[in-house]
*Asks:* 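I have a structure here, written as structure tokens, and I will follow up with some questions on it.
Residue numbers start from 1 in every chain, and the chains themselves are labelled A, B, ... in the order their sequence lines are given, proteins ahead of strands.
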2 protein chains.
Amino acid sequence: MSPSLPVGPTAQTSCADCPAALSGPCQWFAPCLRDKIVAASIHRRFRQGETILPGGQVPARVGIILSGLVKICTIDEHGNDHVLQILHPGEMVGDPFGASVPFSFDAATDATLCLTQRAPMKEAFDRHPDSYAAHLRIAMRQQLELHFAQLSMRGRNSLQRIAYWISTQTPEAGPDRVLSVRILLSRRDLASLLEMTVETLSRNLHQLEDRGVIRIVTPERLEILDATRLRLMARFQDARLKDALQRQGWEWGARAVNLPRFSARGTRADQPTLRQ
Amino acid sequence: MSPSLPVGPTAQTSCADCPAALSGPCQWFAPCLRDKIVAASIHRRFRQGETILPGGQVPARVGIILSGLVKICTIDEHGNDHVLQILHPGEMVGDPFGASVPFSFDAATDATLCLTQRAPMKEAFDRHPDSYAAHLRIAMRQQLELHFAQLSMRGRNSLQRIAYWISTQTPEAGPDRVLSVRILLSRRDLASLLEMTVETLSRNLHQLEDRGVIRIVTPERLEILDATRLRLMARFQDARLKDALQRQGWEWGARAVNLPRFSARGTRADQPTLRQ
DNA sequence: CGGTATTTTGAACTATCTCAACTGGGGTGG
DNA sequence: CCACCCCAGTTGAGATAGTTCAAAATACCG
């Protein structure tokens with residue numbers, strides 16, 4: 001078993017169709033290190049509702065989601081839990097550096113995870129400082145996603161939030177090119193994620209149906225009849241964001257918007273930052 | 001100017017009382033690199049409401065907040081902006097690795113920032129891979145804070161949210177040991193941050209006063225009369241979280257809570273993860 | 001089929017928003 | 001110096017989205 005072989009025999013079967021193979025941490029490491037990690041990995045199936053990692057724990061392993069959905073949730077003092085975020089295949093459960101997160105990670109659907117011992121992974125990180133940068137990028141991206149999720153709630157009513165959520169789901173194109181979305185989450189989880197009661201969720205879904213935007217085939221299967229109107233209702237801001245990304249060449253403090261009463265006051269003296 | 005000198009003459013005045021001196025990125029680097037960065041830094045004052053960094057820009061500099069508060073905000077299509085997060089002295093504005101963030105950073109109060117050219121800082125990061133780890137830790141902490149902020153909204157009514165916000169502020173002990181809080185944010189910003197209108201904010205503050213929990217000395221100065229009741233109203237979960245952190249020795253999938261219909265079904269066959 | 005869990009519907013209730021008017025302090029200009 | 005203005009903050013009253021509680025309907029599974 002020479003260390004130059006990319007993957008060992010056990011790994012070959014495991015990693016061939018791994019959704020994290022391209023995005024996850026496994027590919028940051030040199031083959032020899034990767035082998036070690038793979039050797040320390042196990043696949044494990046979790047049933048819907050099962051707790052994968054309870055809050056406040058520092059687990060001996062980190063997990064990468066292979067299939068299914070994982071919900072980050074917190075249980076308040078009344079026993080009702082709030083879904084904060086949904087994690088998809090390829091994303092990580094648990095911090096590889098051993099930080100304890102005070103939220104519980106539960107299987108939102110039946111799910112399989114690739115569990116890796118944290119110790120060898122930590123070692124691999126230390127030997128490959130580059131991997132820190134890679135992991136950092138991912139962390140920043142997740143934070144950005146969180147900000148967006150937060151944004152998708154602000155100033156939106158329940159109908160708009162559902163419309164938004166549906167339009168973020170990647171639809172499957174059916175036989176006659178009808179776009180359909182499968183709701184993998186239970187009504188309870190989805191309602192909690194979208195900050196509303198199951199009742200309003202149900203009512204609003206049917207309101208969307210009444211307005212001819214979607215069709216509820218079965219409770220877990222929707223057809224999107226009017227994608228444009230759906231996005232309008234969701235107040236999708238793609239356009240605005242793209243615009244923002246295109247404006248270039250900004251410098252610090254070059255523009256002041258939203259001036260309250262200071263507009264006329266104050267010295268415009270020191271503007272040390274323009275150019276370079 | 002030998003590279004072994006910890007700080008150059010310009011820096012000495014600047015960095016002596018820097019709030020980021022202990023927590024910020026400056027202290028991750030070796031003195032010689034730090035000098036270079038300090039040489040490329042400028043202090044700059046921003047007035048309340050001034051835009052420090054508009055959304056979607058990749059600035060040539062990153063800033064560290066020295067004093068004042070910075071709001072991360074986004075302007076929706078109707079022109080009203082939503083405050084997503086408040087940054088405090090010591091925290092960073094702009095990504096040192098040049099990621100463009102689609103949110104605008106505005107001065108919530110008059111504020112001073114230490115602006116550093118991104119290029120030399122990036123260089124310092126690359127030469128000191130350890131600094132990646134340090135920065136990663138900070139990123140994770142910020143993400144955790146975000147999750148908490150999100151949590152502080154869920155399932156809470158406006159009164160509870162204000163109570164929560166007040167109890168997160170660090171109070172100053174007055175002369176006769178009366179705890180007082182200075183509200184640096186405008187009502188508009190605070191209301192936006194807490195997801196309510198200025199009217200409800202005002203009403204709820206006065207309701208807290210009527211209930212004898214706080215006293216509104218001036219619109220921007222509160223006295224906390226009953227800290228215990230305030231925390232109760234805020235539904236502070238410190239206790240629960242501490243509990244969670246104390247439970248140790250957890251392993252993956254050892255416990256299943258919240259079992260829906262799968263409780264009786266399914267094989268309990270493969271539990272490959274216990275011990276080690 | 002029969003029992004159970006989930007989803008949907010209904011109707012009363014309530015927190016929050018909206019719109020509009022009022023207040024008071026600080027700065028401005030006569 | 002005083003009157004005025006302007007704006008942030010406060011208060012009031014009506015409108016409404018969303019909750020709550022309760023019950024019916026549907027889907028799921030042995």
*Asks:* In whole angstroms, how far is the P atom of C:dT7 from the CG atom of A:L185?
*Replies:* 11 Å
*Asks:* Looking at every non-hydrogen atom in both residues, tell me the closest pair between A:R47 and A:D110 and how far apart they are.
*Replies:* NH1-OD2, 3.5 Å
*Asks:* Using distance alone, with no hydrogens and no angle criterion, decide if B:S158 and B:T200 have a side-chain donor and acceptor under 3.5 Å apart.
*Replies:* no
*Asks:* Measure from CE on B:M196 to C1' on D:dG18 and round the result to the nearest Å.
*Replies:* 17 Å
*Asks:* Sequence neighbours left out, what passes side chain to side chain donor-acceptor pair (under 3.5 Å) with B:S186? Give chain and number order.
*Replies:* none
*Asks:* Atom CG of B:L208 and atom P of D:dT10: how far apart are they, to the nearest Å?
*Replies:* 12 Å
*Asks:* Checking contacts here: which listed nucleotide (D:dG18, C:dT9, D:dG12) is nearest the side-chain heavy atoms of A:N157?
*Replies:* D:dG18
*Asks:* Determine the contact category for A:T200: base if any of its heavy atoms lies under 4.0 Å from a base atom, sugar-phosphate if only primed atoms, P, OP1 or OP2 are that close, otherwise nothing.
*Replies:* base
*Asks:* Five pairs per end, C1' atoms only: what is the angle between the end axes of the helix from C:dC1-D:dG30 to C:dG30-D:dC1, to 10 degrees?
*Replies:* 40°
*Asks:* Less than 4.0 angstrom between a side-chain N/O of A:R187 and OP1 or OP2 of C:dT8, yes or no?
*Replies:* yes
*Asks:* I need the CD-P distance between B:E220 and C:dG26, as an integer number of Å.
*Replies:* 11 Å
*Asks:* On the nucleotide D:dT19, are OP1 or OP2 found under 4.0 Å from the side-chain N or O atoms that A:T197 carries?
*Replies:* yes
*Asks:* Should A:R182 and A:E220 be marked as a salt bridge (charged side-chain N to carboxylate O under 4.0 Å, His left out) after you check the CA-CA gap, both sets of side-chain angles, and the distance that decides it?
*Replies:* CA-CA 6 Å; A:R182 185 158 165 237; A:E220 72 157 31; 2.9 Å; yes
*Asks:* Which nucleotide sits closest to the side chain of A:H206: D:dT10, C:dT9, D:dG18?
*Replies:* C:dT9
*Asks:* If you only use heavy atoms from C-beta on, which nucleotide in D:dA27, D:dT19, D:dG9 is closest to the side chain of B:S186?
*Replies:* D:dG9
*Asks:* Rounded to whole Å, please give me the gap between CE in A:M153 and P in D:dG18.
*Replies:* 12 Å
*Asks:* Just by distance, with hydrogens left out, do A:R221 and A:S180 show a side-chain donor and acceptor under 3.5 Å apart?
*Replies:* yes
*Asks:* Mind calculating the distance between CD (A:Q48) and C1' (C:dA5) to the nearest angstrom?
*Replies:* 12 Å
*Asks:* Assuming nearest nucleotide by heavy-atom distance, tell me which of B:P219 and A:E195 is located more 5' along DNA chain D.
*Replies:* B:P219
*Asks:* Would one find a side-chain N or O of A:R188 under 4.0 angstrom from OP1 or OP2 of C:dT6?
*Replies:* no
*Asks:* Shortest non-hydrogen contact from B:I183 to B:P219?
*Replies:* CD1-O, 4.1 Å
*Asks:* Would you state whether a donor and an acceptor, one from the side chain of B:R203 and one from the base of C:dT18, lie under 3.5 Å apart?
*Replies:* yes
*Asks:* What integer distance in Å separates B:L201:CG from C:dA15:P?
*Replies:* 18 Å
*Asks:* Please give, in whole Å, the distance from D:dT26 P to A:E199 CD?
*Replies:* 18 Å
*Asks:* B:Q207 and B:R211: side-chain donor and acceptor closer than 3.5 Å?
*Replies:* yes
